[in-house]
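Step one of this worksheet: look at the structure below.
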Amino acid sequence: MRQLAEAGEEFVRERHIGTLSTLAPWGGIHAVAVGFTVHDGVLRVITSRDSQKVRNVRRDGTATISQVDGARWLSFQGTATVHDDPDEVALAVALYAERYRQPRVNPLRVAILLTPTRLMGSGGLFRHA
């Protein structure tokens, strides 16, 4: 898989909202705005366990997280899973707070983890092979 260059790593640390796309129960794409983080090669999204995106990931883990800012863009495609382990959720919250802000208290919070298998994006964000 392609690797991010320093410019790509900086891009995913900047404060931007992304889009999480999952497969909807009716067969289409369910795309929603999300805050996300990248840590040790894994993308994390915090959300409520009763959200549609969680139901979609539990049914079919196929997912893409994208971020766009003008001509710069990245899309991470891969397999997503839902985690309610307190340590994993706490890590996801801490990473979110570092990139965005401290989230509100949510006793139904879970973390969606996406392990990318394909990475696409604009030029200049990747290491040269």
So, taking the atom named CZ in Arg55 and the one named CZ in Arg58, what distance separates them when rounded to the nearest 0.5 Å?
10.0 Å

For Asp60 and Thr22, what are the C-alpha separation, side-chain angles and deciding distance, and is it a side-chain hydrogen bond (donor to acceptor under 3.5 Å, both in side chains)?
CA-CA 8 Å; Asp60 182 318; Thr22 56; over 6 Å; no

Output all residues satisfying side chain to side chain contact (heavy atoms under 4.5 Å, CB included) with Asp40, sequence neighbours left out; order by chain, then residue number.
none

Would you name the heavy atoms of Ile17 and Gln67 that are closest together and state the gap between them?
O-CG, 4.4 Å

Partners passing salt bridge (Lys or Arg N to Asp or Glu O under 4.0 Å) against Arg109 (at least two apart in sequence or in another chain)
none

Report the residues that fulfil side chain to side chain contact (heavy atoms under 4.5 Å, CB included) with Ala24, sequence neighbours left out, ordered by chain and then residue number.
Trp26, His30

Run the side-chain contact (heavy atoms from CB on, under 4.5 Å) check on Ser48 and Val110 step by step: do they pass?
CA-CA 6 Å; Ser48 290; Val110 295; over 6 Å; no

Which atom names give the shortest non-hydrogen contact between Asp69 and Phe11, and what distance separates them?
CB-CE1, 3.7 Å

How would you list, by chain and number, every residue that makes a ring-ring contact (aromatic ring centres under 6.0 Å, His included) with Tyr96, sequence neighbours excluded?
Tyr100

Side chain to side chain contact (heavy atoms under 4.5 Å, CB included) with Ser75: which residues, sequence neighbours excluded?
Thr64, Ser66, Trp73, Met120

Taking only residues two or more places apart in sequence or in another chain, which ones pass salt bridge (Lys or Arg N to Asp or Glu O under 4.0 Å) with Glu98?
none

Side chains of Thr117 and Phe76: closer than 4.5 Å at any heavy-atom pair?
no

Decide whether Ile65 and Val68 are clustered together by the hydrophobic rule: side chain heavy atoms of Ile, Leu, Val, Met, Phe, Trp, Tyr closer than 4.5 Å, transitively.
no

Mind listing the closest non-hydrogen atom pair of Ala63 and Leu20 along with its distance?
CB-CD1, 4.1 Å

Suppose clustering is done on Ile, Leu, Val, Met, Phe, Trp and Tyr with side-chain heavy atoms closer than 4.5 Å. Which residues sit in the same group as Leu113?
Val42

On a heavy-atom basis, the closest approach of Ala97 and Gln102 is CB-OE1, 3.4 Å

My understanding is that only residues two or more places apart in sequence, or in another chain, count here; which of them pass salt bridge (Lys or Arg N to Asp or Glu O under 4.0 Å) with Arg49?
none

Output for pair (Phe36 CZ, Ile112 CD1), nearest 0.5 Å, gives 13.5 Å

Validation: residues 82-95 side-chain donor-acceptor distances under 3.5 Å, sequence neighbours left out:
unit_1, atom_1, unit_2, atom_2, d
His83, NE2, Thr81, OG1, 2.7
Asp85, OD2, Asp87, N, 3.2
Asp85, OD2, Glu88, N, 3.0
Glu88, OE2, Arg44, NE, 2.7
Glu88, OE2, Arg44, NH2, 3.3

So does Val38 get a backbone contact from the side chain of Arg13, meaning a donor-acceptor N/O pair under 3.5 Å?
no

Apply side chain to side chain donor-acceptor pair (under 3.5 Å) to Arg59 and list each qualifying residue two or more places apart in sequence or on a separate chain.
Asn56

In terms of heavy-atom contacts, Ala31 and Thr19 come closest through CB-CG2, 3.9 Å

Side-chain contact test, heavy atoms from C-beta onward, threshold under 4.5 Å: evaluate it for Thr62 versus Thr79 and give yes or no.
no

If you compare all heavy atoms of Leu74 against all heavy atoms of Gly8, which two are closest, and at what distance to 0.1 Å?
CD1-O, 4.2 Å

What pairs with Gln3 under side chain to side chain contact (heavy atoms under 4.5 Å, CB included), at least two apart in sequence or on another chain?
Arg127

So if you build clusters from Ile, Leu, Val, Met, Phe, Trp, Tyr with side-chain heavy-atom gaps below 4.5 Å, do Val32 and Leu43 land together?
yes

Side-chain cluster (under 4.5 Å, hydrophobic types only) that Ile29 belongs to, other residues
Leu23

What I'd like to find out is whether the side chain of Pro103 reaches to under 4.5 Å of the side chain of Ile46, using heavy atoms alone.
yes

Do Glu10 and Arg72 pass the salt bridge (Lys or Arg N to Asp or Glu O under 4.0 Å) test, and can you show the C-alpha distance, the side-chain angles, and the key distance before you say yes or no?
CA-CA 12 Å; Glu10 178 60 31; Arg72 295 183 304 164; over 6 Å; no

Take Leu114 and Gln77 through the side-chain contact (heavy atoms from CB on, under 4.5 Å) test and state the conclusion after the steps.
CA-CA 8 Å; Leu114 181 131; Gln77 300 172 342; over 6 Å; no

